[in-house]
Amino acid sequence: MRVLLDCDPGIDDTFALTYLTAAHHAGELELDCVTTTAGNVEAEQCAQNAAWVLAQCNLPAIPVAAGEPQPLELALTTTPETHGETGLGYAHAPARHVATDWDMLWCDAIERGSEDLHLIVTGPMTNLAVFARRHPRHFAQLRHITVMGGSVNYPGNTTPTAEWNFWVDPHAAQEVFARTPVPITLCSLGVTEQMLLDPPRLERLVAALGETPIASALPEITRFYFEFHEDVGEGYRAQLHDLLTVLIALGRVDTAVAEATIDVEAASELMRGTVAADLRGMWEREPNARVVTSADIPSAWALVDAAFSLHARFTAGDEQLKAGYHLKAEE
Ligand code: BDR
Ligand code: CA
């Protein structure tokens with residue numbers, strides 16, 4: 001399996017990257033490239049963050065590129081109150097030059113084969129919408145798309161009805177669902193909010209990472225996110241939406257899924273980014289989504305525990321691991 005991650009790190013995106021790099025070290029998948037969307041912070045800052053997180057996870061050679069700087073039609077809104085001024089809480093990635101040829105990376109990845117290629121989007125869908133317009137032939141070849149976003153018959157986290165990623169660029173989400181070549185696996189808020197990290201678990205995860213460089217930054221990155229969740233009445237803990245999304249995309253977690261036809265409201269300010277989901281075939285349109293309705297959260301955490309320990313083994317130069325260790329929750 002090869003993975004193309006389009007993300008906006010972002011604190012929960014950082015946990016997703018930490019998991020993916022462990023799975024890459026373990027030979028479970030090939031992390032093909034990481035591109036960034038404008039969302040939690042600007043796309044270029046997200047790319048600097050992604051490159052730094054990859055380096056802190058001993059994977060500095062993965063290609064990284066910044067994606068489109070603005071949503072399709074609306075002005076960009078970022079969320080420093082949720083993820084910190086530069087997107088990594090109280091930590092800061094060093095400034096560096098980042099490439100912007102993100103769509104070329106996607107084309108190359110698709111040309112190398114699309115059957116085993118999984119596109120995972122954990123930010124607004126701007127890049128995917130632009131890709132569909134700019135490279136329709138390549139877009140049509142995508143076979144596996146998983147997206148974190150939207151609230152399906154569930155309260156929003158940005159407006160009463162809208163989730164952040166869809167709210168930032170509702171036109172992109174609307175357009176992609178209208179054109180997608182395959183049903184999109186949709187990990188929406190009602191499920192991803194359940195992936196809750198608390199301070200004792202963070203402590204265990206950091207210990208599991210051992211000498212891996214990301215271990216020393218993770219407490220300061222996550223403290224900001226804990227404080228944000230406490231400020232908005234969720235308690236001193238953190239919802240790791242994007243981490244759960246990656247685990248689901250890779251097929252690592254048992255889920256219940258419902259076929260649906262999804263549309264996203266883009267015209268009205270009041271309902272901006274709100275999902276309308278036809279779960280009963282009432283529109284008589286082809287299903288364009290597999291909406292994840294529940295996920296086995298304890299088994300998801302077991303996988304994360306195993307992956308973080310594996311980072312420690314990789315950092316320590318474990319030869320068995322380099323020879324092709326298979327990542328399993330029970331290890
Ligand atoms: C989503 O919004 C972002 O702030 C998070 O990174 C996640 O992708 C949750 O609504
Ligand atoms: Ca995100």
Side-chain angles (χ1 to χ4, degrees), residues 3-20 34-43 45-50 53 64 66-68 71 76-89 91 119-128 145-152 154-170 172-173 176 184-197 218 221-222 224-229 231-232 234 237-249 264 272-275 291-292 295:
V3 171
L4 205 168
L5 179 69
D6 190 44
C7 57
D8 61 340
I11 296 173
D12 53 333
D13 304 79
T14 295
F15 278 85
L17 273 167
T18 305
Y19 181 87
L20 282 172
V34 176
T35 57
T36 60
T37 61
N40 289 327
V41 289
E42 287 77 13
Q45 179 67 60
C46 289
Q48 295 187 15
N49 293 348
V53 170
V64 175
E68 297 299 298
L76 175 64
T77 310
T78 58
T79 183
E81 66 282 5
T82 311
H83 294 269
E85 261 331 298
T86 63
L88 294 178
L119 171 64
I120 308 175
V121 180
T122 63
M125 290 164 85
T126 315
N127 290 342
L128 190 47
I145 308 174
T146 301
V147 168
M148 189 285 129
S151 284
V152 180
Y154 189 80
N157 62 358
T158 304
T159 72
T161 56
E163 179 278 334
W164 172 258
N165 288 339
F166 280 23
W167 183 86
V168 169
D169 197 343
V176 170
I184 293 174
T185 302
L186 185 63
C187 301
S188 63
L189 213 52
V191 172
T192 61
E193 276 189 357
Q194 293 167 25
M195 192 73 180
L196 276 174
L197 177 70
L218 219 44
I221 294 174
T222 314
F224 192 96
Y225 213 32
F226 284 151
E227 291 172 358
F228 162 75
H229 282 84
D231 285 351
V232 296
E234 298 286 348
R237 48 197 194 165
Q239 299 162 349
L240 299 186
H241 312 273
D242 298 343
L243 175 61
L244 182 63
T245 298
V246 159
L247 295 168
I248 291 173
V264 180
R272 169 177 171 179
T274 300
V275 171
V291 178
V292 178

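Quick note: residue numbers are just sequence positions, from 1. All of these numbers come straight from a predicted model, not from anything done at the bench. Order of listing sets the numbers, starting from 1, for every ligand and every atom in it.
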Exercise. I would like to know whether L128 and I145 meet side-chain contact (heavy atoms from CB on, under 4.5 Å); could you show each step before the answer?
Key: CA-CA 10 Å; L128 190 47; I145 308 174; 4.1 Å; yes

Quiz item: How far apart are the C-alpha atoms of Y225 and H83, what are their side-chain angles, what is the distance that settles it, and do they pass the ring pair (Phe, Tyr, Trp, His ring centres under 6.0 Å) test?
Solution: CA-CA 6 Å; Y225 213 32; H83 294 269; 5.1 Å; yes

Quiz item: What's the verdict on side-chain hydrogen bond (donor to acceptor under 3.5 Å, both in side chains) for D6 and T35, showing C-alpha distance, side-chain angles and the deciding distance?
Solution: CA-CA 5 Å; D6 190 44; T35 57; 2.7 Å; yes

Quiz item: Are V292 and T185 close enough, and set up right, to give a side-chain contact (heavy atoms from CB on, under 4.5 Å), and what steps lead you there?
Solution: CA-CA 7 Å; V292 178; T185 302; 3.8 Å; yes

Quiz item: L189 and H241: side-chain contact (heavy atoms from CB on, under 4.5 Å), yes or no, with the steps?
Solution: CA-CA 7 Å; L189 213 52; H241 312 273; 3.5 Å; yes

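Here the CD atom belonging to Q45 is positioned 10.0 Å from the OG1 atom belonging to T36, to the nearest 0.5 angstrom.
Ranking the protein heavy atoms by distance from atom 2 (O) of ligand 1 puts W164 CD1, 3.3 Å first. In terms of protein heavy-atom proximity, atom 1 (C) of ligand 1 is closest to E163 OE2, 3.3 Å. Among protein heavy atoms, atom 3 (C) of ligand 1 sits closest to N40 OD1, 3.3 Å. Looking only at heavy atoms of the protein, atom 6 (O) of ligand 1 is closest to D12 OD1, 2.6 Å.
Ligand 1 has no N or O atom lying under 3.5 Å from any N or O atom of T79, backbone or side chain.
Within the 4.0 Å heavy-atom criterion, neither part of T82 lies near ligand 1. The proximity of D13 to ligand 1, defined as any non-hydrogen pair under 4.0 Å, is limited to the side chain. Heavy atoms of Q239 found under 4.0 angstrom from ligand 1: none, in either backbone or side chain. Proximity of D242 to ligand 1, defined as any heavy-atom pair under 4.0 Å, is confined to the side chain (atoms from C-beta onward).
Set against the non-hydrogen atoms of M148, the atoms of ligand 1 under 4.0 Å away are 1 (C), 7 (C), 8 (O), 9 (C). Atoms of ligand 1 found under 4.0 Å from any heavy atom of T122, numbered from 1 in the order shown, are 8 (O). Residue H241 has at least one heavy-atom neighbour below 4.0 Å for each of these atoms of ligand 1: 9 (C).
Side-chain contact between M195 and L247: present, with at least one pair of heavy atoms (C-beta onward) separated by less than 4.5 Å. Here the side chains of S151 and N157 are not in contact, with every heavy-atom distance at 4.5 Å or above. For the pair D12/L243, no side-chain contact is recorded, criterion being any heavy-atom separation below 4.5 Å from C-beta on. Side chains of T82 and N40 form no contact here, defined as non-hydrogen atoms less than 4.5 Å apart.
For the side-chain contact (heavy atoms from CB on, under 4.5 Å) test with F15, the passing option among L218, L244, D242 is L218; the others fail.
There is no side-chain donor-acceptor pair under 3.5 Å between Q194 and T192.
Only protein N, O or S atoms were scored, and 5 of them lie under 3.0 Å from the Ca ion (ligand 2).
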